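For reference, the structure discussed in these notes is given below.
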Amino acid sequence: MKDIKQELAAILGSALDMPAEEVYSLIEIPADSAMGDYAYPCFKLAKVMRKAPAMIAAELAEKIGGNAIFEKVENVNAYVNMFIDKESFTRMTLADIAATGDRFGRCTAGEGKTVIVEYSSPNIAKPFHIGHIRSTVIGNALYKLYDACGYNVVRINHLGDYGTQFGKMITAYRHWGNEEDVKREPIKTLLSYYVKFHQEADADPALDQEARETFYNLEHGAEEEMRLWKWFREESLKEFNRVYDMLDITFDSYNGESFYSDKMPAVIDEIREKGLLQVSEGAQIVDLSQWNMAPALITKSDGTSLYITRDIAAAIYRKQTYDFYKCIYVVASQQNLHFQQWFKVLELMGKDWYKDCIHVPFGLVSLEEGTMSTRNGRVVFLEDVLNKAVEKTAEIVKEKGVNTENIEETSKVVGIGAVIFNELSNSRIKDYVFNYDNVLNFDGETGPYVQYTHARAASVLKNGKAPEAFDVAAMDLSSICKGSAYELVKELYALPGVILEACEKNEPSVLTRHIVDIAQAFNKFYHDEHIIVENEEEKNAKLLLTAAAKQAIKNGLGILGIKAPEKM
Ligand code: ARG
């Protein structure tokens with residue numbers, strides 16, 4: 001789609017004898033459309049031109065007003081208010097949506113560049129709980145946003161499948177474990193061993209020593225330890241994959257922390273060679289006090305590696321393997337310091353690409369019932385939350401007597417879509433409280449509301465016997481160049497820009513909110529106007545607009561990882 005703002009920048013730039021890029025960033029979209037579709041403030045020009053801003057605005061309005069792109073140009077004080085010709089704007093927008101279809105909203109900004117999005121990354125043998133929804137769903141939306149903007153994207157699940165806790169787990173299993181129980185219910189069983197280990201170790205410190213030795217053995221490839229670790233990993237992955245299937249999420253790589261175990265010695269050597277490594281109480285650290293940070297612990301006194309060591313090794317491996325443009329880490333804000341520390345170590349190592357490693361943090365999710373605690377077994381499993389959302393949706397759908405042949409399938413698409421939509425509605429950095437009633441409210445700014453709007457558009461198209469394809473260039477669009485129809489056109493036009501903005505800010509909620517705006521604009525149009533009218537020309541124009549709104553909602557939801565049902 002043509003970027004109107006760019007065109008206006010060119011027109012204003014040539015009138016002012018200024019480069020278009022300089023003009024571009026100043027052009028605004030007024031909140032009140034009575035002040036024009038676009039506005040250009042002239043305050044900054046006053047100094048250079050030695051004239052009152054209002055006078056500059058008046059002259060500028062006069063100068064550009066004749067251009068055919070405008071319906072009219074006015075000046076209000078220091079602002080040039082520009083009204084775009086509605087007919088040609090509407091035709092351009094709807095023709096573009098009709099021509100691009102499922103690709104509407106995508107762009108080529110990232111062509112030739114590879115972005116890694118690392119997300120979800122749960123810990124093996126630990127519950128996949130409601131807290132994990134954040135990284136999983138935000139990460140998936142970011143992957144789709146980068147993909148929509150033309151980047152080549154690699155999705156990595158950096159599984160927490162290594163570290164001293166596996167020494168504890170294996171030790172616990174050897175003392176109290178039972179193969180059958182693990183097979184039947186892997187995560188809950190392994191977790192119970194882990195909890196027991198901590199209880200027993202409080203009284204018997206020898207257990208901790210045994211666990212340390214076990215992890216040392218694992219890190220040195222001991223056969224029995226390796227076998228048990230592999231088995232725990234596989235059983236856990238089976239459970240994780242059930243959730244990923246429900247959410248329709250996949251990864252290109254499950255190379256977790258363990259993948260880097262044989263790559264760490266070289267990295268530790270390099271840190272040492274660069275003179276960064278210091279010995280402190282037997283451990284090896286990188287001192288970061290100059291930057292007001294705690295030291296980065298690179299190896300423990302027994303030589304085993306740490307979480308941070310594996311992150312450094314992983315980043316170096318990824319740079320070598322993928323030559324990424326950006327490597328994005330979708331990880332809770334609780335780990336801010338961790339990322340600051342190891343980004344600094346990379347910088348000190350002279351890896352100037354450390355700047356391309358980006359931590360995308362997010363806030364906490366809590367439940368109304370109170371906080372969770374893995375150690376005390378107070379855990380809310382993500383799988384249970386998704387299942388409950390689907391069940392509750394089925395109840396609502398039945399109650400409403402919703403128009404669908406397949407209640408089961410619809411409830412899945414709507415229930416899970418609702419959870420995802422809710423997750424992506426607020427700025428990611430905000431903490432929020434999960435509440436089923438808010439998530440599943442069909443009338444709020446929710447997933448079900450937007451999906452329902454999509455289904456409503458589908459049913460209008462069906463009832464109006466809309467053609468497969470419209471010949472937009474030949475249609476009379478006068479009936480939709482005004483009022484709420486035109487407001488809808490404007491929202492649709494904005495979608496590609498919003499997608500790019502959400503991608504650049506790593507902030508899916510920018511898109512989520514815009515999809516709500518489109519849905520609300522469509523519903524206003526639907527209530528204000530009769531769509532299926534006698535007059536063929538008018539009916540066709542309105543159906544064209546309906547089809548475009550439906551397409552935009554579908555594409556937007558698709559990028560968030562949500563399906564758009566035809567019936568609901
Ligand atoms: N497994 C970690 C956790 O559950 C998250 C991993 C985040 N990614 C990273 N590269 N450190 O806390």
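As the structure is a prediction and not an experimental result, all values here were calculated from the model. Remember, it's 1-based here, ligands and their atoms both numbered in the order they're listed.
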Reference residue K183; test salt bridge (charged side-chain N to carboxylate O under 4.0 Å, His left out); the match among E185, E179, E180
E179

Does the distance from a Lys or Arg side-chain N to an Asp or Glu carboxylate O, for R227 and E224, drop under 4.0 Å?
yes

Return yes if some donor-acceptor pair links the side-chain N/O of T309 with the main-chain N/O of S305 below 3.5 Å, else return no.
no

Nearest non-hydrogen protein atom, atom 6 (C) of ligand 1:
Y307 OH, 3.4 Å

Specify the protein heavy atom at minimum distance from atom 10 (N) of ligand 1: its residue, its atom name, and the distance to 0.1 Å.
D311 OD1, 2.7 Å

List every atom of ligand 1 that sits less than 4.0 Å from any heavy atom of S121, numbering the atoms from 1 in the order shown and giving each element.
1 (N), 2 (C), 4 (O), 5 (C), 6 (C)

Please list the nearest protein heavy atom to atom 8 (N) of ligand 1 with its residue and the distance rounded to 0.1 Å.
E118 OE2, 2.8 Å

Does one side chain, of N426 or S509, offer a donor that lies under 3.5 Å from an acceptor on the other?
no

Any salt bridge between K238 and E234, counting N to O under 4.0 Å?
no

With atoms numbered from 1 as shown, which atoms in ligand 1 lie under 4.0 angstrom from a non-hydrogen atom of Y329?
10 (N)

What protein heavy atom lies closest to atom 12 (O) of ligand 1? Include the residue and the distance to one decimal.
Q335 NE2, 3.1 Å

Atoms in ligand 1 with a heavy atom of N123 nearer than 4.0 Å:
1 (N), 2 (C), 3 (C), 4 (O)

Does either side chain, that of Y436 or that of N422, offer a donor lying less than 3.5 Å from an acceptor on the other one?
no

